[in-house]
Amino acid sequence: MRVLVTGGAGFIGSAVCRGLVLRKGAAVINVDKLTYAANLASLAPIQGLESYVFEQRDICDHEAMDCVFSRYEPDSVIHLAAESHVDRSITGSATFIATNIVGSYTLLEAARKYYDHLSAPRRERFRFIHVSTDEVYGSLGAAGYFREETPYRPNSPYSASKAASDHLALAWFKTYGLPVIVSNCSNNYGPFQFPEKLIPLTILNAIERKPLPVYGDGRNVRDWLHVEDHAAGLIKLLSEGKLGEKYNFGGDSERSNLDVVTQICDVVDKLCPGPAARRSMIAFVPDRPGHDARYAIDASKAHRELGWRPTRTFEQGLAETVAWYLKSRTWWERARSGVYDGSRLGLLATQH
Ligand SMILES: NC(=O)c1ccc[n+]([C@@H]2O[C@H](COP(=O)([O-])OP(=O)(O)OC[C@H]3O[C@@H](n4cnc5c(N)ncnc54)[C@H](O)[C@@H]3O)[C@@H](O)[C@H]2O)c1
């Protein structure tokens, strides 16, 4: 099996590449533009293997995408390349529109042209997995869950751009018969995550004894899933997913942002004790504009139809993740000292 993975130098994409090569024995072609969020060091375990190749390409470049398909003749695509940080989408939406919408469109078109010329047995096997987020469904109140049929109500430029690409992907299935499957997953955490998102940013600030920012009152709730569990679900979709359908992935681990930050403080205190408890470094800061209150996933379709389940509790996964950041300083130091120093992103001029 040869799988074209887009965004494979990112957080989830690199877990998918490692999983495909090391656990599934698949060959992977990793297509990534290498934006600020990419880190090729995340692919060190498969770098140099015959079954892994890297192509630095932009998914918005249609000639480059046509070339990649004709050169490598993949059996399937897992499409993860995206601009992925909500805060950055608030102050710089243009790249989100370009990559998430136009880039996904460009890739779908390249895949369609390629698919149309495949032999019947290869068409039978071909899959295009479009990887998306639960944020497309909008915000929940205190009760309820996002299901596959929940109407789309995206609130941020990021989630709106992902919603647009989900609609395009499913339209390419309905209109052209491209064998598309869409996944919508809750917040991921784990090793190799660029330190701008809540969990890695809090871990690194806690290690370095810097203030630990919590947006608003910290009561916004997210449902957390370990990245390796998400990657395993995406790989399962290749063989078990039904064409033209959507699958929600979630960890059944709803936590408020304040709970997550507090828990990280306690784990870091345990692993590297210091003079003062890290909880005392929590700093409440102005809220994110349009901050969704609560996300919660009903993943029963994935449990039932894919035989997929998360393999770790949030507590186990978080402890492992903190331990990984503590021993992986060389991985994150480059990002932290050059690309992004941890300062606040995504505030409107009126909030400064
Ligand atoms: N992180 C989460 O919690 C989460 C949850 C659900 C779904 N998702 C989705 O999963 C996917 C991967 O998320 P992530 O957290 O790994 O993101 P990430 O920001 O860590 O990685 C994105 C990767 O895409 C690459 N990329 C960006 N623009 C590109 C372009 N124009 N051409 C080629 N490559 C490009 C980047 O270089 C980077 O390596 C995204 O589609 C995201 O919407 C993420």
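Counting starts at 1 for both ligands and their atoms, in listed order.
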N/O of [X] under 3.5 Å from N/O of ligand 1, yes or no?
{"X": "Gln193", "answer": "no"}
{"X": "Cys185", "answer": "no"}
{"X": "Ala81", "answer": "no"}

Could you check atom 43 (O) of ligand 1 against the protein and tell me its nearest heavy-atom contact, residue, atom and distance included?
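Here the closest protein heavy atom is Tyr158 OH, 2.6 Å.
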For ligand 1, which atoms, with element, lie under 4.0 Å from some heavy atom of Ala37?
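Listed by number with element: 19 (O).
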Per-atom contacts, ligand 1 versus Ser132 - under 4.0 Å to a heavy atom
6 (C), 7 (C)
Would a line drawn from the ring center of [X] to the ring center of [Y] be shorter than 6.0 Å?
{"X": "Tyr137", "Y": "Tyr152", "answer": "yes"}
{"X": "Trp324", "Y": "Phe192", "answer": "yes"}
{"X": "His85", "Y": "Tyr158", "answer": "no"}

Tell me whether [X] reaches ligand 1 (any heavy atom closer than 4.0 angstrom to a ligand atom).
{"X": "Ser183", "answer": "no"}
{"X": "Arg57", "answer": "yes"}
{"X": "Gly103", "answer": "no"}

Heavy-atom distances under 4.0 Å decide this one: backbone, side chain, both or neither, for [X] against ligand 1?
{"X": "Ala98", "answer": "neither"}
{"X": "Phe249", "answer": "neither"}
{"X": "Leu34", "answer": "backbone"}

Is it true that [X] and [Y] have a side-chain N and a carboxylate O under 4.0 angstrom from each other?
{"X": "Lys236", "Y": "Glu305", "answer": "no"}
{"X": "Arg147", "Y": "Glu149", "answer": "no"}
{"X": "Arg112", "Y": "Glu109", "answer": "yes"}
{"X": "Arg57", "Y": "Asp32", "answer": "no"}

Within the 3.5 Å criterion, strictly below it, is a donor on Ser104 or His130 matched to an acceptor on the partner's side chain?
no
Under the criterion ring pair (Phe, Tyr, Trp, His ring centres under 6.0 Å), I'd like the reasoning laid out for Tyr115 against Phe126: C-alpha separation, chi angles, the key distance, then a yes or no.
CA-CA 8 Å; Tyr115 174 76; Phe126 189 82; 5.7 Å; yes
Which is closest to atom 33 (C) of ligand 1 in terms of heavy atoms, Glu135, Met65, Lys33, Arg88?
Lys33
Proximity winner for atom 19 (O) of ligand 1, if only heavy atoms of Ser84, Ser42, Ala82 are counted
Ser84
